[in-house]
Amino acid sequence: MTDSGSILTFILVSFCLAVILIMKKDSLPPQMKRYLALLAIVMVSISFVLVLISFFGVGM
């Protein structure tokens, strides 16, 4: 995992998507809200895993 710029960009984008969905939850149609929420959950979960991998990979 040497490409930390791409990892950082992905983490920022995923958390920004989650924040935007939380802020605009009343203006989204219910069907679209469900799929975007699932996408945000998956992206934030992957981001968390990437943070853990980067954190534990620093010592190596």
Side-chain angles (χ1 to χ4, degrees):
M1 293 262 148
T2 59
D3 196 10
S4 61
S6 296
I7 294 171
L8 183 62
T9 303
F10 180 77
I11 291 169
L12 287 174
V13 167
S14 64
F15 282 111
C16 287
L17 173 64
V19 168
I20 290 170
L21 285 176
I22 290 170
M23 289 173 38
K24 296 292 184 178
K25 65 182 174 187
D26 296 332
S27 63
L28 292 172
Q31 190 71 7
M32 183 186 294
K33 189 183 337 181
R34 178 177 298 129
Y35 291 118
L36 286 175
L38 287 173
L39 177 66
I41 288 171
V42 168
M43 288 179 68
V44 168
S45 299
I46 292 171
S47 296
F48 182 70
V49 169
L50 288 174
V51 166
L52 288 178
I53 289 172
S54 297
F55 180 69
F56 289 121
V58 170
M60 294 181 171

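Taken from CD1 in Ile11 to OG in Ser54, the straight-line distance is 6.0 Å, to the nearest 0.5 Å. Atom CG in Leu21 sits 11.0 Å away from atom SG in Cys16 (nearest 0.5 Å). Note: Ile46 CD1 to Ile41 CD1 = 12.0 Å, rounded to the nearest 0.5 Å. Rounded to the nearest 0.5 angstrom, Arg34 CZ and Leu39 CG are separated by 14.5 Å.
Both Leu50 and Phe15 are part of a single hydrophobic cluster, where members link through side-chain heavy atoms under 4.5 Å apart. No continuous path of hydrophobic side-chain contacts links Met32 to Ile22 [ILVMFWY only; heavy atoms under 4.5 Å]. Hydrophobic clustering, with ILVMFWY side chains joined whenever heavy atoms are under 4.5 angstrom apart, groups Val51 together with Phe10. At a threshold of 4.5 Å between side-chain heavy atoms, the hydrophobic network of Ile, Leu, Val, Met, Phe, Trp and Tyr places Val44 and Val42 in one connected group.
Enclosure of atom CZ in Phe48 is not indicated, since only 12 or fewer non-hydrogen atoms of other residues, nucleotides or ligands lie within 6.0 angstrom.
When every heavy atom of Lys33 is checked against every heavy atom of Lys25, the shortest pair comes out as NZ-O, 3.1 Å. Closest non-hydrogen pair, Val13 versus Met43, comes out as CG1-CE, 4.2 Å.
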